[in-house]
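To keep things clear, I will list the structure first and then write my remarks on it.
Here is the naming used below: chain letters follow the sequence lines, and residue numbers restart at 1 for every chain.
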Amino acid sequence: MPNPVEPAAPAPSDFIRDIVAAHVAEHKYPRVHTRFPPEPNGYLHIGHAKSICLNFGIAREFGGLCNLRMDDTNPAKEDIEYVESIQADVNWLLGGWAEDRLGLKQHDQTPETKTVDGKIDFYMPPVFGTSEAERKHAAIQLEPFYASDYFDQIYEFAVALIKKGKAFVCDLPPDQMDDYRRNGKASPFRDRSVAENLDLFTRMKNDEFPDGTRVLRAKIEVDAANIWLRDPLIYRIKHADHHQTGGKWCIYPMYDFAHCLSDYIEGITHSICTLEFEVHRPLYDWILESLDLPRPLPHQYEFARLSLSYTIMSKRKLMQLVDENLVTGWDDPRLPTLSGIRRRGVTAQALRDFAYHIGITKYNGLTDVAVLEHAIREDLNQRAQRRLAVLRPLKVVITNYPEGQVEQLNAVNNPEQPETGHRQVPFTRELYIERDDFAEVPPPKFFRLKPGGEVRLKYAYVIKCEEVIKDAAGKLTELRCTADLDSKMGGLTAGRKVKGTLHWVSAAHAVDAEVRLYDRLFTEAEPEQDGRDFKSVLNPHSLEVLTAKGEPSLAEANAEERYQFERLAYFTVDLDSQPSKLVFNRTITLKDTWAKAAQKG
RNA sequence: UGCCCGAUGGUGUAACGGUAGCACAGCAGACUCUGAAUCUGUUUGUCUAGGUUCAAAUCCUAGUCGGGCAACCA
């Protein structure tokens, strides 16, 4: 199959890459090391793709690495189903681009542990740059990193913090603690002795207390202007089985405590996240700086998350669409999930091009979905095999063409990639054309077929519409046309200039195929504008299912290939497709300036 | 309300004290055996007010508007 090379896009530049470039120039770190740390509590979406392309793009451009890490510190919300889908999505998006930058770890690998001069250190280096085949050959099983891999180490760090007098066990009930924090009041348990804190924290770990009765808090500043510095909670009791560690723990670290330490343990240099974590950065730094760690510390940088018009991105709301069966599942082709986008027929390449085009800033804007659509079309135009298929058939009989005759005509597979060659398309007396390509009363500038008018049938003849046949109800059933039999490629009148060219299929040879015509899921650019319920603006026409007539070669269509049904849209084989029942998803329509002109009238 | 962050055409971005550029969208045209693609042209912009400077999108101050945070979520 054609495999267009990565377009020679200029290396992107943005404020984060500028920082990394400066660090590289001054040799601040031995190696640039980023990470992509999703929580396995939902499916990845196109917003995550922006982050993946940033983190792996940086690794790629600066000769570094990027770890895939499950940020799994809240077993109540997480599930193994999500860790599996995340791995699949990341592998797909990285394929042919940055898989050699992906940092993974061996199964059962544990952090290297050292204590030097009373300083504790844990380090978990990645395995990287191995292909699937190499891994199989070496019989090593690689998997993502997990924050839960470090629960022992993170626990040790918490103990270290207690010993330094920088953390304490707090017995305040949740609502009271919130109240104290809001008002900048010190917890009455703030000044417990190190020994008592150590004892209590150990007993928390040993399952002596029920959920919610005690927490471990960092001892920073009771009335700091930044609320995240007001003695934040770093460990809570939660009696829940964890998808990775099972029943081993009944206490789990909070995000703020686990994240910076996971970054440190993995040797991350640039910890890139979205803007809402900006106010957490002082806490990120405080924890690492308080622990007296021997290796270089990671630093956090924030960028604006992606918002797309006609799209919702919140995991919770996507889950709602799935749970309420408003879509068919997480991989519904109308969803902005990576699995949905993939099923729709969008390539990883197109998504990466999109990610590069939108840039990285700290401004919370709304990206026009047209930018995405443009990236998809550009990619598919290069790679898609052209085919003839009719979505809404209208029968045409060529009255001067011999009955029973079959001509095999040469059709170009992809004019953008001439080396993909040709295929044969059968032409006969009875054909189907697109219903929309005929108008009994043509609007102005209509240069498709009309009574008495002429059009070119692609790769075949110029035909003239002689007669319009209707049934008793007055419904159009058939067109009777004559062909200029000298007008096909190489013929005497092949050079005739006819304004319109139509796609068609031979009625006798056509294969039936289910086509799923997807459109935007919402009718409004901002589904949640002014607090309106996004479900109130669902597009009732986001999916239309038809049975199309396709040229015979479509029977051999395969899932890896992309197709353009000429003059209509790009399609891909759906995973529901069977040899006995073909199913195609419409990825995206071709640009249609005629539709726009016709609408304007 | 407090704290933090941001603001460049319709949208997204670049310009790092010295000619406001690019992409998408729009519009007009050329070409076309895809009303696609391709090509050409083109409309539209530095939030406001002060200040610094020979010179400000850029630096400073204030304001306006927008976003985020104030979970035993991440």
- Below 4.5 Å, heavy atoms only, C-beta onward: do A/Leu394 and A/Tyr432 meet side chain to side chain? no
- Query: In whole angstrom, what separates A/Leu275's CG from B/rC4's C1'?
  - Reply: 10 Å
- note: A/Trp228, atom CH2; B/rC72, atom C1'; distance rounded to Å ~ 11 Å
- Is any side-chain N or O of A/Arg182 closer than 4.0 Å to OP1 or OP2 of B/rA71? yes
- Compare side-chain N and O positions of A/Thr73 against OP1 and OP2 of B/rA74 and report whether any pair is under 4.0 Å apart. yes
Can you check the distance between [N] and [M], where both ends of the measurement are the [atom1] atom (answer in whole Å)?
N: B/rG50; M: B/rU40; atom1: C1'; value: 46 Å
N: B/rG12; M: B/rG45; atom1: C1'; value: 13 Å
N: B/rC27; M: B/rC59; atom1: C1'; value: 39 Å
N: B/rA25; M: B/rU43; atom1: C1'; value: 12 Å
N: B/rA28; M: B/rG35; atom1: C1'; value: 16 Å
N: B/rA62; M: B/rA23; atom1: C1'; value: 35 Å

- Message: Would the distance check show the side chain of A/Arg214 and the main-chain N or O of A/Cys170 forming a donor-acceptor pair, the cut-off being under 3.5 Å?
- Response: no
- Say whether, by atom type as modelled, one donor and one acceptor occur between the side chain of A/Glu566 and the main chain of A/Leu502 under 3.5 angstrom. no
- Measure up the A/Tyr43 and A/Tyr82 rings against each other and bin them: parallel (under 30°), tilted (30 to 60°), perpendicular (over 60°). perpendicular
- Donor-acceptor pair under 3.5 Å: do we get one between A/Arg567's side chain and the base of B/rG35? no
Could you check whether [X] gets within reach of a base, just the sugar-phosphate, or nothing at all, counting any heavy atom under 4.0 Å?
X: A/Asp256; result: nothing
X: A/Pro38; result: nothing
X: A/Lys458; result: base

- Message: Would A/Trp594 count as stacking on B/rG35 if stacking means ring centres less than 5.5 angstrom apart and planes tilted under 30 degrees?
- Response: yes
